[in-house]
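Okay, so here's the structure we're looking at.
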Amino acid sequence: MNSENNNQIILGGGLAGLSACYHGNGIVYEKDDTFGGHARSHLENGFVFDEGIHVLHTSNKYILNLLEELGADLQVKDRDAWIHSNGAMTRYPFQANTYGLPKDIVKDCLLGFIENTRNKEDIGHYEDWVRYMFGDGIAEHFMLPYSKKFWGVDPDQLTTDWVNIRHPKPSLEEVISGAIGDQTKGFGINASFRYPRNGGFGYIGEVLAKKCQGRINNGMRATNIDVNKRVVTFNESDEVPYEKILSTIPLPELLSIIPDTPEDVIEASSKLKTNSIYVVNIGVNRQNITDKSWIYFLERDFCFVRVSFPFNFTHDLDSVVPKGHSSISVEISYGNDNPLPGNRDQIIECVKKDLIKVDILREDDEITYLDTYDIKYGYIIFDKNRKPSVKKIHDYLKSYEIIPCGRYGLWAYLWSDEAIMSGKKAAEKLLKC
Ligand SMILES: Cc1cc2nc3c(=O)[nH]c(=O)nc-3n(C[C@H](O)[C@H](O)[C@H](O)COP(=O)(O)OP(=O)(O)OC[C@H]3O[C@@H](n4cnc5c(N)ncnc54)[C@H](O)[C@@H]3O)c2cc1C
């Protein structure tokens, strides 16, 4: 264990923790034997898999320059994303591409968009916002049912402070063009994406970690924080004194290791919600099973919400799959009102069956790799409790000079670039103290 200069402890070695280490003076303590957190990759038998789809959507100049300087060797690819709904495959995003759907659905979507008379002032929740932005047809035929399948929460229970750029609004001309013909134009901020040439998405964490050599301790789970004596205990035994903590671990986990946290703070924590994601990564002994990047699945007849094809994320196939193979990463969203479809074996069976049903897998395909990951903390749920609860928890942590950052420290919808920026910001705050 390296605890030299341990007056600044960084809890967690995901992208936010690694970025905080790179941009500041702290030392990382990570519970797992590897770093990278949710953005790590797994390299085995010639396959490179991430834990669920991970591609870089950013246009942030600082991040792009930083990753170039660090040698992340990112390649740009055009997104080729699709949606499976109502027995058809249409281009993503749904709101600009209804061509190919049954005619009555296309009609509903067009009329709903054109005749929409909703006012911005009347928006109270996510469902209102979707109807205001896209009209009732697009809302009811895709946005609202997909939202329920993904979050496990009714759309009228979600707020709107996480939307906007994630849901690009097409012009009327684009909606009409995308209804009467196949429109290949990319929409929104993620019409193209970046991905490392080698090593999977996790390579981004690797290049950051390389610059922090000697300041990352793996296998160190924080199990107690004595905020009065300022001592963190790791693995129930190793005590490390500190002056300040920067924490990227999920807020409920953090509070659970601080004894005597006030009742109202614990209560605030109990109101925080995420969905969970069960990932099934599959390697197939068949070349180029599709040209697509990923596909969203609307209906509950399919157990998954999204299926991606990591072998299409890079121009150098050989760097992510063995010769003649393809890779599939399946994401099942569960939690809240969404149950998991059984135990691990049952989930795998259900995934295979549904992949065959939609012609991604064939009955006689040889599966040469299969692994699963159960991601408890998936995507943060923005409901009415989130903002006041996070404020209460952050105020409490601040009073003991614990600075939260990262996706689960800020409890926000952060993509990886935003997690890196949040680590940078927190480290700079610490340097100024
Ligand atoms: C399924 C899924 C798909 C995603 N897809 C994309 C995408 O396509 N593009 C994109 O940009 N972003 C994507 N993201 C978001 C991206 O993964 C996150 O923004 C980023 O990884 C968050 O990094 P972090 O460091 O804030 O948190 P984490 O990665 O969660 O890091 C926290 C670290 O803390 C450690 N830890 C926890 N408890 C303790 C403890 N008690 N003691 C010590 N260490 C502890 C954990 O092991 C972990 O390594 C996706 C996320 C998910 C879940």
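Numbering of ligands and ligand atoms starts at 1, following listing order.
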Original post:
Between Asp226 and Arg230, is there a side-chain N and carboxylate O pair less than 4.0 Å apart?
Top reply: no

**OP:** Please indicate whether any nitrogen or oxygen in Leu414 is less than 3.5 Å from any nitrogen or oxygen in ligand 1.
**Re:** yes

Original post:
Does any N/O atom on Gly406 come nearer than 3.5 Å to any N/O atom on ligand 1?
Top reply: no

Original post:
With a 4.0 Å cut-off, would you call Glu206 and Lys210 a salt bridge?
Top reply: no

Original post:
Mind checking whether Tyr377 has an N or O less than 3.5 Å away from an N or O of ligand 1?
Top reply: no

Original post:
If we only count N/O pairs under 3.5 Å, is Gly52 in contact with ligand 1?
Top reply: no

Original post:
Can you name the one residue among Ile328, Val48, Thr290 that meets side-chain contact (heavy atoms from CB on, under 4.5 Å) with Phe311?
Top reply: Thr290

**OP:** Would you check the N or O atoms of Leu56, main chain and side chain alike, for any that come under 3.5 Å of an N or O of ligand 1?
**Re:** no

Original post:
Do the rings of Trp294 and Tyr296 sit parallel, tilted or perpendicular, given the 30° and 60° boundaries?
Top reply: perpendicular

Original post:
Would you say the side chain of Ser308 lies within less than 4.5 Å of the side chain of Phe313, judging by non-hydrogen atoms?
Top reply: yes

Subject >> Proximity winner for atom 44 (N) of ligand 1, if only heavy atoms of Glu253, Arg221, Lys31 are counted >> reply: Lys31

Original post:
Are any non-hydrogen side-chain atoms of Arg386 and Ile381 less than 4.5 angstrom apart?
Top reply: no

Original post:
Does ligand 1 have any atom that is closer than 4.0 Å to a heavy atom of Glu418?
Top reply: no

